[in-house]
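As structure tokens, the structure follows; a few thoughts come after it.
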There are 2 protein chains.
Amino acid sequence: MNVDGTHYRTIWLKEGDERTVQIIDQRNLPHEFIIEDLKTTKDVARAIKEMRVRGAGLIGATAAYGMYLAALESREELRWLIKQKDSAVPKEQFDSYCSSEFDIMMKNAGDVLIRTRPTAVNLEWAVNRQIEAMKGTGYDSKISTALKTAIEIADEDAEYCRSIGEHGVNLLEDISNRKGGKPVNILTHCNAGWLAFVDYGSATSPIYAAHNQGIDVHVWVDETRPSNQGARLTAWELGQHGVPHTVIADNAGGHLMQHEEVDIMIVGSDRTTYTGDVCNKIGTYLKAVAAKDNNIPFYVALPSSTIDWKMRDGVKEIPIEERGGEEVKYIQGLHDGNIKQVLLTPETSSVTNYSFDVTPSRLVTGIITERGICEASEDGILSMYPERRK
Amino acid sequence: MNVDGTHYRTIWLKEGDERTVQIIDQRNLPHEFIIEDLKTTKDVARAIKEMRVRGAGLIGATAAYGMYLAALESREELRWLIKQKDSAVPKEQFDSYCSSEFDIMMKNAGDVLIRTRPTAVNLEWAVNRQIEAMKGTGYDSKISTALKTAIEIADEDAEYCRSIGEHGVNLLEDISNRKGGKPVNILTHCNAGWLAFVDYGSATSPIYAAHNQGIDVHVWVDETRPSNQGARLTAWELGQHGVPHTVIADNAGGHLMQHEEVDIMIVGSDRTTYTGDVCNKIGTYLKAVAAKDNNIPFYVALPSSTIDWKMRDGVKEIPIEERGGEEVKYIQGLHDGNIKQVLLTPETSSVTNYSFDVTPSRLVTGIITERGICEASEDGILSMYPERRK
């Protein structure tokens, strides 16, 4: 989407330098727009861990590019190894020796990347897709395969998100018609915007599509403590695209629902069970249960890459990341033109920082996928992905 | 309660100076403990408006002292007026003239105080109680009556809160027994602590009582954005009293409930309808609906001064204060030893800041009053206050 009128994605290969991946360091938004170079797998792991990049789709795409950088590093390492023990490997076994050593190295690199964030399923999915893709190729073409797969994963993510917008916009159009063209008030939590994916976003994609079609929309943006992805990222990207929005404290959504100020909720998902339970940023469940209490439709927009086809019970099974307490104790913002951290609590108070929660499918009105809208249930999801029927 | 081992109330008459009221400026807590002098009605109005003092009970007590300062000011003004038009008032009508002029001045001062915060009912209640008390006395004793009434209101507030603790502690004791002495996990929202009243607090009073009796308690403290009364005030006062607690983002409570980490919720109330609807800090409703979804008891601790005997439907009728947007856009905290404000959102984003929401009685397990625990319903409340039956 656009930043100051120029089109950006959230991750790309640096122009003229196939060994460098570029990202927007999201920690400094909305106050500073900084593009960062990632040159090693370590850079990528740190960028994910420290939330320079975050969001279901973008974590997957970044891991995919990370695997490409890992492939470059593995080739260098193998070159060095082979130089050391040139004679040990017979010439005729050279290719298969390198290939199998390379695959082991890639597996290790993948493990490092997967460990950076435990909740989002896209991370593991992207890493495994890279490993599978490279397994099928000879040693010579592993690098090019890794690059091709990374680009494929990123393009597919953007394309899936675009399709989610195409399907989801109908929901907003219906509400707009029912309200006689008055603004459709959408409440969203966290950032499931283009910054969380490669482009368009999941929850925001129907909103951007509606706005572009001239449907009057207004977005209530949950601040989303502790990391404030709503106040920092969603507000920023909606503002850059010219979408009317209002930032609210996470506490305010229930009151707005009680007073008919919310027509629909749309959020994203970091992991979705095949039964329709949705794991998303901490606080999503509170909004879902309030939406139910007020008969407000609660939709989850998600590309199928977030579906975990092995998990049945979200509340019991999905691993919930616990992040550092400093995210609760301190907050960053702009003071006198500089980004500063301030302490919010008494120095000595304990804090806890669960990063996600699970909304049971019973509270979800529907799921907006790249293939269409379905019920949040095993049957509903399988109706969209019949190839997954056992 | 204690601050650094010394007992404080939240408001008191300055020692040796009957014309000065002292408060703790709560805006600087937990980082700075500052005692402030209030010398005029204007000082009092500003202190309430700017939330130097806040919380249902303390707002009432402060307004009561404000009316006392207004009485002192009115006497000065009348002295001046009388000097100007000495001859105009016949000697025999002097006392009744002054008395009626004084009552008008007090009514005006009361109006100014009531307008500072629209939601809390204690404010109006305390102002009217002062006006009624002074009406019944001759001109000479109005000042002493105002002072006596202010002290009465403050003492009564502290005593009511102490009684709430006596009744509420039984709930915590029962849970503790059921859990075989394992810590009782209480979730609270905002600050309904001693800082919100004159002493003890409402929601915290049963907790302090339990802690003092040796019952193992642990409090989950909701940060309570946007003004962070939980992270700043509740955490601080619990810490000063040695009560184990953990500060969490407002978003985290639902997840904790889903995972049996919350045994009971106790919150306060700024206005309670006679039917049991509870108006409390924004975000309370979200927790109540989640508590219901997880079968967790949701109690509201409140002195009867917060009951509005004229209001039936809380969601429809209670006026909800909308505060300045800067409370959402900016946050204050400690940086390099100084309290600083930092900007959280894009400079150009709109914000909205509703300060309270209403939890319908159907979500409230029970009300803990100074007279005992009752159902959150008209019948339940009247069983505690039979003198209110029409």
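It should be emphasised that the depicted structure is a prediction, and the values quoted were computed from it without experimental measurement. Residue numbers start from 1 in every chain, and the chains themselves are labelled A, B, ... in the order their sequence lines are given, proteins ahead of strands.
Qualifying side chain to side chain contact (heavy atoms under 4.5 Å, CB included) partners for B:Gln240, counting only residues two or more places apart in sequence or in other chains: B:Val3, B:Asp4, B:Trp236.
With no hydrogens or angles considered, a side-chain donor-acceptor pair links A:Ser349 and B:His245 at under 3.5 Å. At a cut-off of 3.5 Å, with distance as the only test, no side-chain donor of A:Tyr354 or B:Asn251 sits close to an acceptor on the other residue.
Contact count versus chain B (heavy atoms, under 4.5 Å) is highest, among A:Val358, A:Ile248, A:Asp293, for A:Asp293. Each of B:Val289, B:Thr224, B:Ile282 has some count of heavy-atom pairs under 4.5 Å with chain A, and the biggest count is that of B:Ile282. With chain A as partner, the option from B:Ala252, B:Pro244, B:Gly253 having the largest number of non-hydrogen pairs under 4.5 angstrom is B:Ala252. In terms of heavy-atom pairs under 4.5 Å with chain B, the best-connected choice from A:Val221, A:Val315, A:Ile339 is A:Val315.
Checking each of A:Thr345, A:Asn353, A:Thr352, A:Leu344 against B:Val247 for a side chain to side chain contact (heavy atoms under 4.5 Å, CB included) leaves exactly one that passes, namely A:Thr345.
Looking at B:Leu256, only its side chain comes within 4.5 Å of chain A, counting heavy atoms on both sides. Neither the backbone nor the side chain of B:Glu327 comes within contact range of chain A, judged by heavy atoms closer than 4.5 Å. Of the two parts of A:Leu233, neither the backbone nor the side chain holds a non-hydrogen atom closer than 4.5 Å to a non-hydrogen atom of chain B. At a 4.5 Å heavy-atom cutoff, the contact between A:Gln332 and chain B is made by backbone atoms alone. Heavy atoms of A:Leu238 lying under 4.5 Å from chain B are absent altogether. Within the 4.5 angstrom heavy-atom criterion, only side-chain atoms of A:Pro30, from C-beta onward, approach chain B. Looking at A:Tyr330, neither its backbone nor its side chain comes within 4.5 Å of chain B, counting heavy atoms on both sides.
The closest donor-acceptor contact from the side chain of B:His335 to the backbone of A:Gln341 lies under 3.5 Å. Put simply, the side chain of B:His255 never gets that close to the backbone of A:Ile320: no donor and acceptor are under 3.5 Å apart.
A:Asp222 and B:Arg225 are not joined by a salt bridge, as no carboxylate oxygen comes within less than 4.0 angstrom of a charged side-chain nitrogen.
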TODO: Could you give me the CA-CA distance, side-chain angles and deciding distance for A:Leu334 and B:Val342, then say whether side-chain contact (heavy atoms from CB on, under 4.5 Å) is met?
DONE: CA-CA 5 Å; A:Leu334 202 66; B:Val342 296; 5.9 Å; no

TODO: Step by step, work out the side-chain contact (heavy atoms from CB on, under 4.5 Å) result for B:Tyr285 and A:Gln258.
DONE: CA-CA 10 Å; B:Tyr285 162 67; A:Gln258 287 178 314; 3.5 Å; yes

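Atom-to-atom distance recorded for A:Met257:CE and B:Leu286:CG is 7.0 Å, nearest 0.5 angstrom. In this structure, NZ on B:Lys316 lies 10.5 Å from NE2 on A:His259, to the nearest 0.5 angstrom.
The two residues B:Pro346 and A:Ala231 come nearest to each other via the heavy atoms CD-O, 3.1 Å.
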